[in-house]
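Fair warning: this is a prediction, and the values are worked out from it, not measured in the lab. The chain is numbered in sequence order, starting from 1.
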Amino acid sequence: MTSSTSSRLIKARRDAVVLAVLITAVMLLIWNGSAFFHNLRIGGQEFGPEIRLASTALTLNVALILFGWRRYVDLQHEAEMRAEHERRATVLATTDTITGLYNRKGFADRAGILCAAARENGDNLVIISFQIHRFKAVNDQHGYETGDRLLKTISVSLADELGPDAVLARLSGNEFAVALALKNEDMARADVLADAVLRTVTRPLLFEEKIIQVGAFAGIATALAADVRIPDLLRRADIAMDHARSGRVARPVWFDDGMERALIAHGEIEQGIRHGLEYGQFVPYFEPQVDLQTGEIVGFEMLARWIHPLSGLIGPDVFIPVAEEIGLIGRLSEHVIAEALREAASWDPKIKISVNISPFQLADGWLAQRIVRTLADTGFPAERLVIEVTESSLFADIELARTIVTSLKNQGIRLALDDFGTGFSSLSHLRSLPFDIIKIDRSFVTNINAKRESSAIVRAVTTLAGALRVPVCVEGIENEESYRTVVRLGCQIGQGWYFGKPMPAEQARDLLASRDDPQASPLRIARKA
């Protein structure tokens, strides 16, 4: 209860006591007067009854007046209390309880007033949206009380730094926003203030002999106040801030229309993935893998493709990152792998099928069981399946990786280390994990004849793999010159457009069937695709 409310209650109680005493005194006075004139006679005529009647009427009128006044005081007090409660409710509805800053509703209201004033002056409205990075880690490591203290300290520092002209708000747990009006010639100040925000938020703080420091990302959006709505401008600033966060950009990022178009496209892809999974739009494509000495097709790498009803064939670089982000990569991958294995189960038993496993899937402790179940459902032999994993994802959690790899190997499944040379390889890990194939990333093959370093790396990997008695598969062979170079360097298996582009299942079947043509050499058949 506030001090003003408490003082009003004390005054109301005092008024009630005074009123009660006053009513009692008047009633006693009238009653005593009535008793005094009870037997009054003038000129032999008795006036007692008339006086008693008049005194009774007077008593009632005085009582009504006094009670009316008391009721007026009560109503006035109730009105004041109601106004106080409404004021407090408004404050609670528009203010963040921890920091004392505006909350989302308060920001919208106050920024709306600022925008109206800026509209009259022809100024620009600028919104800076920023997010505290690693704030959850502070709560987890030091407790929520320390997290609240951090928010309060940062809020006070920001208010001092930004000044009274800026509207500062805490929109959610670790998200804040600043709105200010600037003239055209003062727009450079937006960058200065955004830099000041990041500098203030990321300043090290000492709490109970513990130094706590967090990061921050900021986005800026601006428009003429006459042409903008607060929710739209705040959304644009949020988009720019998300762009800074996803790119790990430590400086403020300005919003541009391309970001919004990309976000809309991202949303359309997300909805399309969900719809496509329900209606079987994701299908396997097969890229030939060839024995570089004989030209024989020894396997296919399975690659996912999206057959969109409007856009046609869509490559994995478009939808795989989105599927990983929204948590559908496991479901999508399992669906396409099952389709591929179901199709390839009837092919030549010598043909291996390689499938890529996403780093997100490799973090699933049940991955091996899921793959084994897929093999059982499709009737595909385990010894014909090759699981490809990238070295960076594999070594992120080496113990979990070793468990999954061991489980797969126990089922007879082969393992390939994909994109070798692009991550942070450890030779001890390479020796301890039972890889069956090492795949050299296509980036080393693209310029293998133009850059001596690429040729040296391919030679070194081939020598290492030879010492470990593991065959090398090289990706990205696209011309005759690259083909001859990787053969000369000792690579055993190759794939790339030189041998054939990724193709649908029916075309892969036709390619395998054409091997029966005695007039065609194996290498020429592989290159028909």
Side-chain angles (χ1 to χ4, degrees), residues 262 265-290 297 299-347 351-362 370-371 374-375 377-378 380 384-390 393 416 418-419 439 441-442 473 475-478 494-514 526-529:
H266 184 285
E268 291 176 350
I269 292 173
E270 177 180 342
Q271 293 302 318
I273 290 174
R274 299 183 188 277
H275 180 81
L277 280 172
E278 293 296 329
Y279 291 92
Q281 296 175 5
F282 293 93
V283 299
Y285 265 49
F286 300 86
E287 182 176 353
Q289 295 176 330
V290 175
I297 298 175
F300 290 90
E301 179 178 357
M302 189 280 297
L303 303 169
R305 293 293 186 267
W306 184 4
I307 310 299
H308 194 278
L310 299 178
S311 302
L313 185 66
I314 300 177
D317 56 320
V318 174
F319 61 85
I320 291 295
V322 179
E324 290 178 340
E325 182 179 340
I326 63 178
L328 288 178
I329 186 61
R331 179 181 168 191
L332 189 155
S333 179
E334 289 176 13
H335 166 76
V336 179
I337 290 174
E339 291 296 317
L341 299 187
R342 191 174 291 110
E343 167 64 34
S346 59
W347 294 358
I351 298 298
K352 304 290 191 297
I353 299 297
S354 299
V355 298
N356 292 281
I357 295 299
S358 164
F360 292 88
Q361 292 176 271
L362 201 61
R370 296 179 190 279
I371 293 175
T374 301
L375 290 173
D377 292 342
T378 59
F380 191 84
R384 291 178 55 196
L385 178 62
V386 180
I387 298 295
E388 297 186 4
V389 294
T390 60
S393 63
D418 197 11
D419 296 343
K439 298 190 71 173
D441 185 66
R442 66 180 63 248
C473 177
E475 301 176 302
I477 302 174
E478 297 183 358
Q495 65 183 86
W497 288 11
Y498 179 69
F499 305 111
K501 296 181 180 181
M503 60 192 73
E506 57 271 19
Q507 190 174 347
R509 285 198 305 269
D510 292 341
L511 179 63
L512 292 175
S514 67
R527 291 172 54 189
K528 281 184 179 180

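Of all non-hydrogen atoms in Trp347 and Arg509, the two that sit nearest each other are NE1-CG, 3.3 Å. Here the closest heavy-atom approach between residue Leu303 and residue Pro502 is recorded as CD1-CG, 3.6 Å. Across Glu324 and Ser358, no two heavy atoms sit closer than the pair OE2-OG, 3.0 Å.
Here the side chains of Ile371 and Val355 are not in contact, with every heavy-atom distance at 4.5 Å or above. For the pair Leu341/Met302, no side-chain contact is recorded, criterion being any heavy-atom separation below 4.5 Å from C-beta on. Using a 4.5 Å heavy-atom cutoff, the side chains of Val336 and Val283 are not in contact. Side-chain atoms of Glu278 and His275, non-hydrogen and from C-beta on, never get closer than 4.5 Å to each other. Between Phe286 and Ile351, the closest side-chain pair of non-hydrogen atoms is not below 4.5 Å. Taking 4.5 Å as the limit, some side-chain heavy atom of Asn356 sits within range of a side-chain heavy atom of Glu301. Put simply, the side chain of Arg305 does not reach to within 4.5 Å of the side chain of Pro284, judged on heavy atoms. The shortest distance between side-chain heavy atoms of Gln495 and Lys439 falls below 4.5 Å.
A salt bridge is defined here as a Lys NZ or Arg NE, NH1 or NH2 lying under 4.0 Å from an Asp or Glu carboxylate O, and Arg331 with Glu334 fails to meet this definition. The pair Glu270-Arg274 meets the salt-bridge criterion, with a side-chain N (NZ, NE, NH1 or NH2) lying under 4.0 Å from an Asp/Glu carboxylate O.
Taking CD1 from Ile357 and CG from Leu362, the interatomic distance works out to 8.0 Å, rounded to the nearest 0.5 Å. To the nearest 0.5 Å, the span separating CD on Glu287 from CE on Met503 amounts to 8.5 Å. The CD1 atom of Ile326 lies 7.5 Å from the NE2 atom of His266; values are rounded to the nearest 0.5 Å. Interatomic distance, Glu325 CD to Ile273 CD1, rounded to the nearest 0.5 Å: 9.5 Å. With rounding to the nearest 0.5 angstrom, the CG atom of Leu385 is 7.5 Å from the CD1 atom of Ile337.
In this structure, the side chain of His335 engages the main chain of Phe282 through a donor-acceptor pair within 3.5 Å. Panel note: side chain Ser333, backbone Gly330; no donor-acceptor pair is recorded below 3.5 Å.
Checked options Val322, Ile314, Ile320; the residue passing with Val318 is Ile314 (criterion: side-chain contact (heavy atoms from CB on, under 4.5 Å)).
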